[in-house]
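Structure record follows, encoded as structure tokens.
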Amino acid sequence: MDIKDIKVLVKMVTQTDITEFELENGDQKLVIRRGATPVPVAIPAPAANPVQQAPVPAAPTPAAAPQPAPEMPEKLPAEGFEEIQSPIVGTFYRAPSPETENYVEEGSIVEKGQILCIIEAMKLMNEIEAEFKCRVVKIVKENAEAVEYGEALFLVEAL
Amino acid sequence: MDIKDIKVLVKMVTQTDITEFELENGDQKLVIRRGATPVPVAIPAPAANPVQQAPVPAAPTPAAAPQPAPEMPEKLPAEGFEEIQSPIVGTFYRAPSPETENYVEEGSIVEKGQILCIIEAMKLMNEIEAEFKCRVVKIVKENAEAVEYGEALFLVEAL
Amino acid sequence: MFHKILVANRGEIALRVIRACKELGIRTVAVHSTVDSESLHVKLADESICIGPAPSIDSYLNIKAIISAAEVTDADGIHPGYGFLAENAEFAEICANCGITFIGPTPENMRLMGDKIRARQTVTEAGVPILPGTKDAVSSIDQAKQVAAEIGYPVIIKATAGGGGRGMKVVHSPASLPNAFAAARSEAKAGFGNPEVYIEKFCENPRHVEIQILADQHGNVIHLGERDCSIQRRHQKLLEEAPCPVLSPELREKMGACAVAAAKAVGYSSVGTMEFLLDRHHNFYFMEMNTRVQVEHPVTEMVTGIDIIKEQIRSAAGLKLRYEQADIVISGHAIECRINAEHPFKFTPSPGRIDGYHPPGGLGVRVDSAVYDQYTVLPHYDSMVAKLIVHADNRDEAIQRMARALDEYIIGGIRTTIMLHQRIMGNKEFREGTVDTSFMEKLVL
Amino acid sequence: MFHKILVANRGEIALRVIRACKELGIRTVAVHSTVDSESLHVKLADESICIGPAPSIDSYLNIKAIISAAEVTDADGIHPGYGFLAENAEFAEICANCGITFIGPTPENMRLMGDKIRARQTVTEAGVPILPGTKDAVSSIDQAKQVAAEIGYPVIIKATAGGGGRGMKVVHSPASLPNAFAAARSEAKAGFGNPEVYIEKFCENPRHVEIQILADQHGNVIHLGERDCSIQRRHQKLLEEAPCPVLSPELREKMGACAVAAAKAVGYSSVGTMEFLLDRHHNFYFMEMNTRVQVEHPVTEMVTGIDIIKEQIRSAAGLKLRYEQADIVISGHAIECRINAEHPFKFTPSPGRIDGYHPPGGLGVRVDSAVYDQYTVLPHYDSMVAKLIVHADNRDEAIQRMARALDEYIIGGIRTTIMLHQRIMGNKEFREGTVDTSFMEKLVL
């Protein structure tokens, strides 16, 4: 299934009164739903435990409570831009050390292979390189913030 | 299944009054739904207990396994006819005693207040009377059959 | 043993009985009103029969319909659950006349214990303490002094014509009796047009502690320890636990022995509960006996390991008790939270369709409930949708376990008292176990 | 005690650990792959962190990602559950190097018990019986006679290069040894190109019986009795129970003492399990030790009342055991059925979206599951969707209870092994308790 096939299918479906269309083919799956009411989330995130009143430690606590909707959130980046995602779990650093300058700033133009940032994991500094020439549109994470696998670090425009 | 096959299927389905269409073929799967979608039954009737192998007693065992759909089943009588329902739980008798004739037969015309049958409950014979003049179209229950509250006994045509 | 039992009830207790029957290899008949045809007790019974329209009086309280349903399905026993016909002696008698075993005590026992005055007399004769006092009018200050001295201070003076707390005076010492007596009489006169008052022992903010009784038809009676049901709102129990946090083994033995003695005195032969008030000084006073299984029986099951419903059915079948008093060991601690379809703090009913249902699981967690996803909680009946019960090594762990189970419990679409119970689990007084029957009035929500 | 534990696992065991932590007042971090973001362990943990894509090797087996997740969330302990990294000594070592407590045994213990030959040596030295025989080649009939006489008939001759049952000969008496020996050698030559064979004690259709160990870092080791896990399909356990229906108290004590002695010999300091074969004559032979919590630990929890996961966490925190051997009482009977997303008889996997989910409830029923209505059982991981555990006074009642709980369990949209377990509950041999590890091969479905 390529984009063209999908376009055809979408067009076909939207010209009828079909409200739901699912197509699975091996590990490919296409779901089209139209009109109203998605099924509500069956299992909301549990309420905070009222018994435990220990203060939350000051450590970074990423993405605890509000879980996204049940469908796998394939976040779409802002139109026309691409995301550079974290390939590992770790801590995001914009510069090799606190004394030195940031690798990139918003607006920077970077060449393919140029270092964008560091993700520290298990005391190792993993340099993240640009895979193509691009302009940094937005730096999504704060310096020293914890990042999960697959989280967006930068929004870039391919050049 | 290629796009062409799917097109054919979609066309076929949307030209009928089919509301749901599912096709599985190995690892391929196609689902089409149309119109308002009824919620599927959440709790099907449980499977028979495979451990208990005691024979089912010969007693009348009304309405055990197949439960109707979750919505309250307001059974609609056949068009133009009315149901006479059992006002109590008990045993349905068509005659006052085994030796006597049945109160009514299919086709009988009965006057308002005429006895239609007896429901025995707690050794008491409860005579069920016609509330309006009518013709008996169908006798729904067998003689000596157990009847629940609200079950149809007769289908009649008001005269 | 029974071959088929008709369960003359609905909701979780009907399901509880059906489960016990299935485990005993007994077939089951569910009865239901027209609006209950989708209820879980109907789906899980071997047979079901519609007995009438939605109002209880025409269905679950309709003796004729229920007996008739038992006859047409050839059931040889009827289990009444709790509520509805469970304490109706006439129903038990009719069952007997129709050759169907009523799974409960004899009609005589039900009548005796259902009459509060005769019940008080009966247990008093068996040596069970009752709240001292007289229901007769006390007309002079001299008589008042004498009565108060007999029953011991503190006492409470109540208007014979009164009710709702008006005209009541608590007196802690003889010195303050004359003024209080005069004031009570004049308030009674003003309030109810009748100055007559009577004097009773004053039991301030007692705990509600009850003893579970198990008896057979062969004269054997044992008790399964106590339940503490002090957390109530308008005499409606919300949360129960076993054992009672303040009961010593000696006091348990003493209360248990009293309960057994009273049950033996009347020749009681089923499960039942003696309810007591326990005051701050650990004096206990008989209140009443419930001649049926109770909503909160699971906490006793959890700490004793005994299936009370199975024992009740076995006893009704004429079998001897399988346990002696010495076999009964109270192990760990259990708590039950009643989950009602109500606003958690305003307590306004919240019937309706459940949209999203997921009960908690894991070690030490039991859910007794007849609801399921997309089930509609009906406005016609009781608002209790589930009993969440936990068991753990000790009370602290049980509270922690209940807190985590409540956090996991999802009942969407309606309001429930889950949040109320979460607050109670976090309440300091509750955690310390120092609550009494005034807890809910004082709880800041 | 720990302030925050990262659970390096998914599914029901992750949930099991999170529940124990909640009850202990310890904060939790769930890790998950991209496809697991809607899993219950993620929803119920205090924090969650995505550690990689769907393939386990890149997520749940990704040591670097997990350690890094513990570091960024400031967790001071990691619980590995079972499977994945639970028996990875290198992972335990890296945890220690990073100052994070691995909740399990020492890396040395894991390595020792992970090496089957060293493990056999070690337990033999501690006096634990192993299946007699030699893994060395037996080259002459004279040597074969001598070896067979030493280990006692019946013996089995196996090809050193063989596998899968080919080239195996069972010999019941010295008279039939020469022919069998010659035949085994020629079959081995024909089948594997190598005629070498070795001789082992033959244990026909044994029961699989295992002893649960609980140990602390202060040298205290106790056992919690046994589990019978004889109902297996291709070495995959399907159903476990405790106690073993054929174990006498004396044999339990003997096997328990062996397991404790072996654990003490290596200085074991966490929960663990010694697996034994039990033959028809009630001889038992050590097979291997699992240095982790096991899937089937709940049956032991149900009959002992001990929360094994809490004890494991307490032990890892350096606390002493709260129980001595004399405190351990086996009470009643427990059965666990593993509910897998598989065709109930063909065992083909059946992942997919669950449509309609309602777990059973009531007395003595425990459900450990991480699924819920509309949850999608993923094809990437283990097919087990739930563990249904029951506890009752005795084995017969436990079977009846399991049968009624299985009947209540609704998992729509996918195929599950519920029906298989229903058949097993009705099986005469199972009900009589005479099963062995060949049960599933012989079961007519």
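Treat the numbers as computed from the prediction; the structure is a model and nothing was measured. Numbers restart at 1 for each chain; the letters A, B, ... are given by sequence-line order, proteins then strands.
Ranked by heavy-atom pairs under 4.5 Å with chain D, the list C:M402, C:R16, C:M302, C:E301 is led by C:E301.
For C:E336, there are no side chain to side chain donor-acceptor pair (under 3.5 Å) partners two or more places apart in sequence or in a different chain. D:Y82 pairs by the ring pair (Phe, Tyr, Trp, His ring centres under 6.0 Å) definition with nothing, not counting sequence neighbours.
Both the backbone and the side chain of D:R19 come within less than 4.5 Å of a heavy atom in chain C. For D:V329, no part sits under 4.5 Å from any heavy atom of chain C, backbone or side chain. Only the side chain of D:D393 comes within contact range of chain C, judged by heavy atoms closer than 4.5 Å. For chain C, no part of D:K387 is nearby; none of its heavy atoms comes within less than 4.5 Å. Heavy atoms of D:P359 lying under 4.5 Å from chain C belong exclusively to its side chain.
Minimum interatomic distance between D:D368 and C:L363 (heavy atoms only, all atoms of both residues): OD1-N, 4.2 Å. Across all non-hydrogen atoms, the minimal contact from D:E23 to C:R404 is OE2-NE, 2.7 Å.
In this structure, C:E408 CD and D:L15 CG are separated by 6.0 Å, a value rounded to the nearest 0.5 Å.
Using bins of under 30°, 30° to 60° and over 60° for the plane-to-plane angle, the ring pair D:H358/C:Y372 lands in the perpendicular bin.
Side-chain contact between C:D307 and D:R401 is present, with at least one heavy-atom pair separated by less than 4.5 Å.
Shown here is D:E324, whose CD atom has no more than 12 heavy atoms of other residues, nucleotides or ligands within 6.0 Å.
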